[in-house]
Amino acid sequence: EVQLVESGGGLVQAGGSLRLSCAASGFTFDNYAIGWFRQAPGKAREAVSCISSRLGRTYYADSVKGRFTISSDSAKNTWSLQVNSLKPEDTAVYYCAAALRYSYCSAYGFSSRDYDYWGQGTQVTVSS
């Protein structure tokens, strides 16, 4: 059974940083693409960043480029999203998700419809 568990969210002041983690079990590390999504109240889900370890590829939405960094640790089967220079508009529930095809993280973006397994989410709140 595939399971994803996020952690690391919290309350932080604008300009601060957090490190979000996604611990995975039940699948082979390199066979999947991992994506981070976020959803703020009353807003549509946003694809933030993804990584395909097999392809050595990452992608960042324009809204987070230069501030967020996605990484993976195959030994621990975990993925992380380092979020720096946080802004109040980054406030949202952040979800990690796994896609069965490692190609579902392209240089042009990725879509939630291609992601099959989801974590429960972790809340990030940025105060001004």
Side-chain angles (χ1 to χ4, degrees):
E1 180 185 5
V2 175
Q3 288 190 330
L4 302 171
V5 179
E6 301 98 333
S7 62
L11 173 63
V12 64
Q13 289 187 331
S17 299
L18 289 170
R19 188 172 183 84
L20 309 182
S21 293
C22 176
S25 60
F27 63 91
T28 303
F29 187 85
D30 279 353
N31 288 348
Y32 286 65
I34 294 294
W36 283 94
F37 300 81
R38 66 185 181 185
Q39 189 162 21
K43 294 189 176 181
R45 183 175 296 172
E46 180 185 9
V48 174
S49 180
C50 67
I51 185 168
S52 172
S53 298
R54 176 74 70 89
L55 298 175
R57 176 185 295 161
T58 60
Y59 169 85
Y60 298 94
D62 287 344
S63 58
V64 305
K65 200 172 294 183
R67 300 188 296 123
F68 290 13
T69 303
I70 193 169
S71 61
S72 61
D73 185 336
S74 60
K76 296 181 180 179
N77 224 32
T78 60
W79 289 260
S80 296
L81 186 69
Q82 179 69 37
V83 296
N84 298 328
S85 303
L86 282 162
K87 306 174 182 179
E89 52 263 43
D90 293 319
T91 295
V93 178
Y94 284 70
Y95 300 90
C96 70
L100 289 171
R101 292 182 180 268
Y102 55 79
S103 59
Y104 284 165
C105 175
S106 80
Y108 306 101
F110 62 112
S111 172
S112 61
R113 65 176 179 268
D114 293 324
Y115 282 68
D116 306 282
Y117 302 99
W118 293 77
Q120 82 288 353
T122 185
Q123 176 71 47
V124 172
T125 303
V126 185
S127 63
S128 57

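Side chains are part of it too, since the values below use all heavy atoms of this structure and drop only hydrogens, waters and symmetry mates.
Using modelled atom types, no side-chain atom of Thr78 and backbone atom of Cys22 make a donor-acceptor pair closer than 3.5 Å. Remark: side-chain polar atoms of Arg57 are paired, donor with acceptor, to backbone N or O of Cys105 under 3.5 angstrom. Using a distance-only test at 3.5 Å, with no hydrogens or angles considered, a donor-acceptor pair links the side chain of Glu6 to the main chain of Gly121.
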**Study point:** side-chain contact (heavy atoms from CB on, under 4.5 Å) evaluation trace for Cys50 with Tyr104
**Key:** CA-CA 9 Å; Cys50 67; Tyr104 284 165; over 6 Å; no

Point to revise | Trace of the side-chain contact (heavy atoms from CB on, under 4.5 Å) decision for Ile70 with Tyr60 | key: CA-CA 9 Å; Ile70 193 169; Tyr60 298 94; 3.4 Å; yes

Point to revise | Intermediate values then yes/no, side-chain contact (heavy atoms from CB on, under 4.5 Å), Arg67 and Val83 | key: CA-CA 6 Å; Arg67 300 188 296 123; Val83 296; over 6 Å; no

**Study point:** Full working for salt bridge (Lys or Arg N to Asp or Glu O under 4.0 Å) between Lys87 and Asp90
**Key:** CA-CA 5 Å; Lys87 306 174 182 179; Asp90 293 319; over 6 Å; no

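Just one of Leu20, Leu11, Thr91 meets the side chain to side chain contact (heavy atoms under 4.5 Å, CB included) condition when paired with Val124; it is Leu20.
Here the straight-line distance linking atom OG of Ser63 with atom CZ of Arg38 works out to 4.5 Å at 0.5 Å rounding. Atom CH2 of Trp36 sits about 7.5 Å away from atom OG1 of Thr122, to the nearest 0.5 Å. The OH atom of Tyr117 lies 11.5 Å from the CD1 atom of Ile34; values are rounded to the nearest 0.5 Å. Taken to the nearest 0.5 Å, the OG atom of Ser21 stands 12.5 Å off from the CG atom of Leu4. Rounded to the nearest 0.5 angstrom, Tyr95 OH and Glu46 CD are separated by 13.5 Å. Between the OG atom of Ser80 and the CZ atom of Phe68 there is a distance of 13.5 Å, given to the nearest 0.5 Å.
A donor and an acceptor atom, one from each side chain of Gln123 and Thr125, are located under 3.5 Å apart. In this structure, a donor-acceptor pair under 3.5 Å is absent between the side chains of Ser103 and Arg101.
Between Tyr115 and Phe37, the ring planes are perpendicular. Angles over 60° get that label, and only those under 30° would be called parallel.
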